[in-house]
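These numbers come from a predicted model, not from an experiment. By convention in this document, chain letters (A, B, ...) are assigned in the order of the sequence lines, proteins followed by strands, and residues within each chain are numbered from 1.
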Number of protein chains: 2
Amino acid sequence: MPVTIHDVAREAGLSINTISRALNGKPDVNAATRERVLATAHRLGYVPNQAARSMVTGRTGTVGLMVTDPANPIYARLLSGVEAVMRRAGYSLLLYNSGEDPAQEQAGVRSLRQSRVEGLLAVPAPGPPAGSTLAAAATELPVILMLRQVPDSPLDSAGWDNDAGARLAVQHLLALGHRAIGYVGQDLPVSSVRVRHAAYRAALVEASVSPRPEWEAHVRLAAAGAYTATGELLDRAPQLTALFVANDVLAPGVLAAVRRAGRRIPHDVSVVSFGDLDVAAYADPPLTTVHAPVREVATAAAERLLARIRQPELAAPGAPPWRFTAMPYLVVRESTGPAVTTTTPHLPGESP
Amino acid sequence: MPVTIHDVAREAGLSINTISRALNGKPDVNAATRERVLATAHRLGYVPNQAARSMVTGRTGTVGLMVTDPANPIYARLLSGVEAVMRRAGYSLLLYNSGEDPAQEQAGVRSLRQSRVEGLLAVPAPGPPAGSTLAAAATELPVILMLRQVPDSPLDSAGWDNDAGARLAVQHLLALGHRAIGYVGQDLPVSSVRVRHAAYRAALVEASVSPRPEWEAHVRLAAAGAYTATGELLDRAPQLTALFVANDVLAPGVLAAVRRAGRRIPHDVSVVSFGDLDVAAYADPPLTTVHAPVREVATAAAERLLARIRQPELAAPGAPPWRFTAMPYLVVRESTGPAVTTTTPHLPGESP
DNA sequence: TTGAAAGCGCTAACAA
DNA sequence: TTGTTAGCGCTTTCAA
């Protein structure tokens with residue numbers, strides 16, 4: 001249906017070969033001829049057929065991007081960063097949403113392989129078996145994991161240091177004198193969540209505080225779930241003077257629940273979050289949060305993928321996988337403050 | 001490089017034709033043969049080449065999605081909704097970000113046409129000339145505009161009623177007794193922004209309030225810009241008792257600026273926003289906002305595109321374009337309250 | 001029920 | 001500098 005190279009050839013009175021050469025900027029084309037070809041192609045509205053081109057070149061100029069929830073601000077930013085790098089490199093982006101579902105992930109990999117994407121950037125869905133689909137895909141094309149690690153995976157991956165980031169948050173609270181520090185995180189069996197949770201516990205232990213299950217809330221849904229779960233948490237463990245919220249998307253719900261419980265932030269309860277989305281800076285009070293360098297990860301992953309596409313030998317068999325780990329850092333705002341010691345009698349003249 | 005249908009044919013001792021028929025579920029294939037083909041294909045890890053298939057069928061099974069900023073939560077949701085519909089229909093999604101730049105939009109359309117997308121869903125970039133690239137594309141393939149209208153465009157489009165939505169917001173403030181109502185909106189020459197702005201003014205006029213330019217702030221960047229601009233606005237027009245914020249992404253900045261100016265919400269300044277993103281529900285105070293039915297628009301646009309792909313005759317030449325207009329509705333939360341009349345003396349016993 | 005052959009639109013040898 | 005030809009992997013007639 002659309003205009004083909006034959007149409008241009010006929011119209012310009014040349015062979016299809018010459019059209020192809022002229023349009024692709026190949027040498028050995030008379031300047032005047034090239035001019036004429038370009039003009040004719042433009043006049044006819046000719047746009048080359050990528051599929052036909054791919055058939056012969058073996059290259060599709062397309063990479064796949066698989067995320068688990070494109071509406072999540074973190075993935076939206078990730079997508080935005082990846083898209084920018086790929087567009088500049090002349091690659092198209094085929095998007096697929098696994099929705100945290102391994103079966104969808106498998107379907108997505110198949111779909112993307114049908115499209116002969118030259119590489120794949122993926123946030124792995126939870127298992128079981130975690131990462132097996134992506135590992136299988138990696139035998140056929142370059143695959144870069146993003147944000148979540150798969151245990152013992154030989155695949156390239158880019159992310160940030162969830163352990164260090166979570167410790168930063170908890171240590172900040174400890175340094176302020178807090179001991180009864182609660183945890184609010186997602187209930188997802190993926191590495192990023194697990195690592196932050198483990199780091200929270202480890203940081204407590206290192207400060208000689210025993211982690212307690214009843215100080216923790218694991219929520220399924222985002223903001224709404226966090227609201228409910230935090231309310232229950234504060235009922236269950238009223239002694240908590242601080243909360244580590246493992247993900248910014250939960251933070252608004254947590255803040256609302258704390259206020260609903262009649263506790264002031266940070267005076268009664270300090271809150272540190274993880275992510276540093278826009279919401280953190282403009283929450284009330286502005287959230288102290290661990291900045292997650294999303295853009296950095298997106299750019300690094302995308303560029304690594306481009307490098308692997310261009311130099312397949314980068315992934316020598318048996319060579320250790322490439323790993324990019326961005327360092328999160330703490331952004332102190334106004335949702336954290338010194339622990340108010342309620343067991344110590346107030347000094348004279350001190351306000352309650 | 002990958003396994004081809006020939007490899008499967010050789011391995012199974014059949015012709016490529018039979019392989020194709022068996023794999024595509026065509027009739028007239030012996031059950032045992034089909035079984036053998038499927039097993040062989042699976043064993044070899046055969047995945048059909050979509051490009052080759054497209055060459056002969058003329059269908060690519062791909063649609064294009066062009067947005068102006070995938071990191072914006074509204075577009076992220078839109079993308080998510082579109083992806084869901086397309087995935088269920090067996091279509092792949094090719095993503096392109098115009099970044100509000102008409103030149104990029106043009107490059108994107110070209111790229112997507114090279115990929116022979118069967119249809120295009122697009123949030124039009126601002127002009128000039130607004131929509132000309134998309135209008136040109138529409139002569140070649142089904143195009144559905146989303147969220148923004150292009151004046152006098154013959155293209156199908158889906159969005160919500162920005163005029164009604166903005167009026168809902170302003171009338172809510174008027175009904176609460178506010179008269180000095182300010183406006184904070186983006187500085188983007190696109191219909192959605194313009195319509196909300198015009199509706200704000202119209203609603204004031206209809207209530208016999210003269211709109212004043214000094215009551216308005218038009219900001220370039222999102223939250224950060226809103227913070228600064230709102231601060232200036234409140235300095236310039238301290239008499240404002242309410243603000244209509246034309247876009248949720250600006251709201252956090254506005255709230256922060258209002259607080260920074262020492263004004264309480266809603267006691268001193270009421271705030272209504274537009275969008276109803278997560279941020280609105282969990283802001284402090286929870287934002288009264290006009291709910292923008294993003295998912296509804298995404299679904300409607302995607303389904304319309306599918307319908308047009310399947311039945312090209314839906315777009316009869318000269319027929320009026322399809323238009324889907326979802327109705328926004330007001331969600332009253334806690335950021336709005338009655339106007340406190342400072343010029344009227346307090347009644348005895350009334351609290352200040 | 002299966003096979004042979006044509007051809008989708010294009011690029012890349014190779015010839016002229 | 002330009003034209004001719006082969007063929008990428010697949011589906012679709014048409015024959016067997």
Checklist line | Rounded interatomic separation in angstrom, taking CE from M55(A) and C1' from dA6(D) | finding: 13 Å
Margin query: Counting only side-chain nitrogens and oxygens, does S20(A) get under 4.0 Å of the OP1 or OP2 atom of dT11(C)?
Written below: yes
Notebook entry, point to check: Has N49(B) got a side-chain N or O lying under 4.0 Å from the OP1 or OP2 atom of dC8(D)?
Noted result: no
Check: Sub-3.5 Å donor-acceptor pair from the side chain of S54(B) to the main-chain atoms of R59(B), do we have one?
Finding: yes
Notebook entry, point to check: Which of the following nucleotides, dG9(C), dT2(C), dC10(D), is nearest to the side chain of V29(B)?
Noted result: dT2(C)
Checklist line | Selected nucleotide, minimal atom distance to I16(B) side chain, candidates dT1(D), dG9(D), dT11(D) | finding: dT11(D)
Margin query: Measuring from the side chain of Y46(B) (C-beta onward, heavy atoms only), which nucleotide among dC10(D), dA12(C), dT1(D) has the closest atom?
Written below: dC10(D)
Notebook entry, point to check: Between the axis at one end of the helix from dT1(C)-dA16(D) to dA16(C)-dT1(D) and the axis at the other (five pairs apiece), what's the angle to 10 degrees?
Noted result: 40°
Note to self: With a 4.0 Å cutoff (strictly under), does any side-chain N or O of T33(A) reach OP1 or OP2 of dT2(D)?
What the structure shows: yes
Identify the pairs formed between an N or O of the protein and an N or O of nucleotides 13-16 of chain D at a distance under 3.5 Å, and give each distance.
from: dT13(D); atom 1: O4; to: N17(B); atom 2: ND2; distance (Å): 3.1

Next item on the list: Answer yes if the side chains of Y96(B) and Q104(B) hold a donor-acceptor pair under 3.5 Å, and no otherwise.
Entry: yes
Checklist line | Nucleotide nearest N30(A) when distance is taken to its side chain, options dT11(D), dC10(C), dT2(D) | finding: dT2(D)
Next item on the list: Nearest-nucleotide wise, let me know which of T18(A) and K26(B) is further upstream toward the 5' end of DNA chain D.
Entry: T18(A)
Note to self: For R116(A) versus P2(B), what's the shortest heavy-atom pair and its separation?
What the structure shows: NE-CG, 3.7 Å
Margin query: Any side-chain N or O of T57(B) below 4.0 angstrom from OP1/OP2 of dT11(D)?
Written below: no
Next item on the list: Go through residues 3-15 of chain A and report each residue with a non-hydrogen atom lying under 4.0 Å from DNA chain C, sorted by number.
Entry: T4(A), I5(A)
